[in-house]
Trainee: 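This is the structure, below, for whatever I ask next.
In this chain, numbering begins with 1 at the start of the sequence shown. Counting convention: from 1, in listed order, for ligands and their atoms alike. Note that the structure is predicted; figures quoted are calculated from it, not measured. Only this structure's heavy atoms are used, side chains among them; waters, hydrogens and symmetry mates stay out.
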Amino acid sequence: MTEAIAVAPLTTAPTWRALSDHYAAVKDATLRDLFATDPERAPRFTVEGAGLVLDYSKNRITAETMALLFQLAEERQLAACRDAMFRGDRINTTENRAVLHSALRAPADAVIEVDGRNVVPDVHDVLDRMASFADRVRAGNLIGHTGQPIRNVVNIGIGGSHLGPEMAYLALRPYSARDMRFRFVANVDGAAFTEATHDLDPAETLFVVSSKTFTTQETMSNAHLARQWLIERLGDERAVAKHFVAVSTNAQKVAEFGIDTANMFAFWDWVGGRYSLPSAIGLSTMLAVGPENFRAMLAGFADMDVHFRTAPLQQNLPVILGLLSVWYADFFSVATQAVLPYAQNLARFPAYLQQLQMESCGKSVDLERRRVDFATSAVLWGEPGTDGQHSFYQLLHQGTHLVPADFIGFLQPLSPLAAPHDLLMANLFAQAEGLAFGRTLAEVEASGVSAADAPFRVMEGNRPSNMLLADRLDPRTLGALIALYEHRVFVQGAIWGIGPFDQWGVELGKVLAGKIASELTATSAPDLQHDASTNALIQRYRNARHQS
Ligand SMILES: O=P(O)(O)OC[C@H]1O[C@](O)(CO)[C@@H](O)[C@@H]1O
């Protein structure tokens, strides 16, 4: 099946109109009042699944809001769209592909077919190969060109071939081989490669070149730098065979680069780049945390897949979070959404989610090729707490923008230094409370602040947030958390009727950069045909380049 499920333009949907009317009626309701008039509000708006607890009671919603949003989900055939994805239908219609990241974490006895072929055995074959390779490396049994064991791993990739591996490695660092070093190179800026390798011994270093296409400019540039770095230092081209492995869908390009395809870990075109962490793209993560922990992470992904497939809409975490994102983007016109993990190890989680959310839902044409007349993805951003409290939270509390936030916390500390955990969690709960309920003028004055100073200290409150809690940041929980956000993206895409699995918007920049690169380096003055600004910038760079 290659067709997306056709749905009417979103803004003509009957429930959309009902939601517009409802928004007008509830937009000025305050969380103070909503909590005061409903003692059951917190349990009413708390759900659990796949080891995660979601308290969404501090949102600008009523029971009727949620009923309407669930009705909208029915009207947009969310369940049918979801089932089509899990079944392997070619729901990525703009690239004519199935969307089966869920197959990457399916149990070995599952049957998921693409074009009549069960892909699950292929998935498990690659996983098993990854595991035996990881065991070998971690045990010090992968020997480099000069006879020394490999102790450093450098992942070279960008976008989905970088953000997931780096984020997951940092998240699970306490589970990693502490006697090895793991580095991640993405930016085409040579500084990224230099900083990642300046203190590494090439004789002990393995490069994992991760690229779905094996054509991405940045990754190919960095892979060539790595090759040169290694050969210069070890003095022998043959060293490449022992110090490079590839992760890709493109065996031909891997071979052309000079990596033996016996040293390649495959994945498939039905895995989108930003959904590829649970595929072989996660090899560097597996090398760090070991096969058992990696499989535990996959089990967490699978837990959330099952929850998303089977929980009723009203109890379904990704559905609720996705619908709330739609509610804020389209009715409150919010432009940005924050993700604020109270866990230092999740420092790169917001960056990971940025690609997941914005490359997926940053679209303005629906699957019926209509320009949409409503807002799609908000800009997603964030930093770990408590760091962010001392930079941008000021704006969250008192700025003019409404920024719905996802708070993420863990009941148990990950660090052996458990003492500060109470303080960390106190800050987490305090921020959500402060944003929701603020401080009125009367309360400020009652605290002894003068009438002249009081207005500066008023917090309007009514700033919405979700609270996600889990027991502990372990591999399984991380998998569930990532899958939660993957499926939240899917829900938004289904409601908006857009295709969340392509990224054509990234292409123009690549094409233009290719043209400009040749103009920057041309030996004779090129005939610049850009706009006046771009021509002048190119000329300025050429002048500087030729002077140096
Ligand atoms: O894995 P590849 O093919 O090198 O692509 C890297 C990234 O580039 C993009 O295609 C566009 O930025 C992403 O979707 C992808 O994750």
Trainee: Consider side chain to side chain contact (heavy atoms under 4.5 Å, CB included). Of N293, V137, L127, which one does M286 pass it with?
Mentor: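 When N293, V137, L127 are each tested with M286, the side chain to side chain contact (heavy atoms under 4.5 Å, CB included) holds only for L127.
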Trainee: Please determine, by modelled atom types, if D474 and Y175 share a side-chain donor-acceptor pair under 3.5 angstrom.
Mentor: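 No, no side-chain donor-acceptor contact under 3.5 Å.
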Trainee: Just need the protein heavy atom nearest to atom 9 (C) of ligand 1, so name the residue and atom and give the distance.
Mentor: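 That would be E359 OE2, 4.2 Å.
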Trainee: Can R370 and E368 be counted as an ion pair, charged N to O under 4.0 angstrom?
Mentor: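 A salt bridge is absent here (no side-chain N lies under 4.0 Å from a carboxylate O).
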Trainee: Considering only non-hydrogen protein atoms, determine which one is nearest to atom 6 (C) of ligand 1 and report residue, atom name and distance to 0.1 Å.
Mentor: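 Nearest protein contact, heavy atoms only, for atom 6 (C) of ligand 1 is I158 O, 3.2 Å.
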Trainee: Taking heavy atoms and a distance under 4.0 Å, where does V506 meet ligand 1: side chain, backbone, both or neither?
Mentor: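 Just the side chain.
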Trainee: Begin with the C-alpha distance, continue with both residues' side-chain angles, and end with the deciding distance and a verdict on side chain to side chain donor-acceptor pair (under 3.5 Å) for Y275 and S360.
Mentor: CA-CA 10 Å; Y275 298 87; S360 299; 3.1 Å; yes
Trainee: Side chain or backbone of Q503 under 4.0 Å from ligand 1, or both, or neither, by non-hydrogen atoms?
Mentor: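 Contact part for Q503 vs ligand 1: side chain (C-beta onward).
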Trainee: How far is atom 3 (O) of ligand 1 from its nearest protein heavy atom, and which residue and atom is that?
Mentor: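 Its nearest protein heavy-atom neighbour is T213 OG1, 2.6 Å.
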Trainee: Among all protein heavy atoms, pick the one closest to atom 16 (O) of ligand 1 and tell me residue, atom and distance.
Mentor: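 Of the protein heavy atoms, G160 N, 2.7 Å lies nearest.
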Trainee: Report the member of E507, K510, K212 with the shortest heavy-atom distance to atom 10 (O) of ligand 1.
Mentor: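 Selected option, by shortest heavy-atom distance: K510.
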Trainee: Distance under 4.0 Å to a non-hydrogen atom of T216: what atoms of ligand 1 satisfy this?
Mentor: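 Within the 4.0 Å cut-off of T216, ligand 1 contributes 2 (P), 3 (O), 4 (O), 5 (O).
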Trainee: State whether the shortest distance between N or O atoms of Q355 and N or O atoms of ligand 1 falls below 3.5 angstrom.
Mentor: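 Yes, Q355 has an N/O under 3.5 Å of an N/O on ligand 1.
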Trainee: Please determine if S210 has a nitrogen or oxygen closer than 3.5 Å to a nitrogen or oxygen of ligand 1.
Mentor: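 By distance alone, the answer is no.
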Trainee: Is it the case that more than 12 heavy atoms not belonging to H198 sit under 6.0 Å from its NE2 atom?
Mentor: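 Yes, because the 6.0 Å sphere around NE2 of H198 holds more than 12 heavy atoms from other groups.
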Trainee: Whether R129 engages the ring of F265 as a cation-pi pair (distance to the six-membered ring centre under 6.0 angstrom, angle to the ring normal within 45°) should be assessed.
Mentor: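 Checked: cation-pi criterion met.
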Trainee: So, are R181 and D201 salt-bridged, with charged N and O less than 4.0 Å apart?
Mentor: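 No, R181 and D201 are not salt-bridged.
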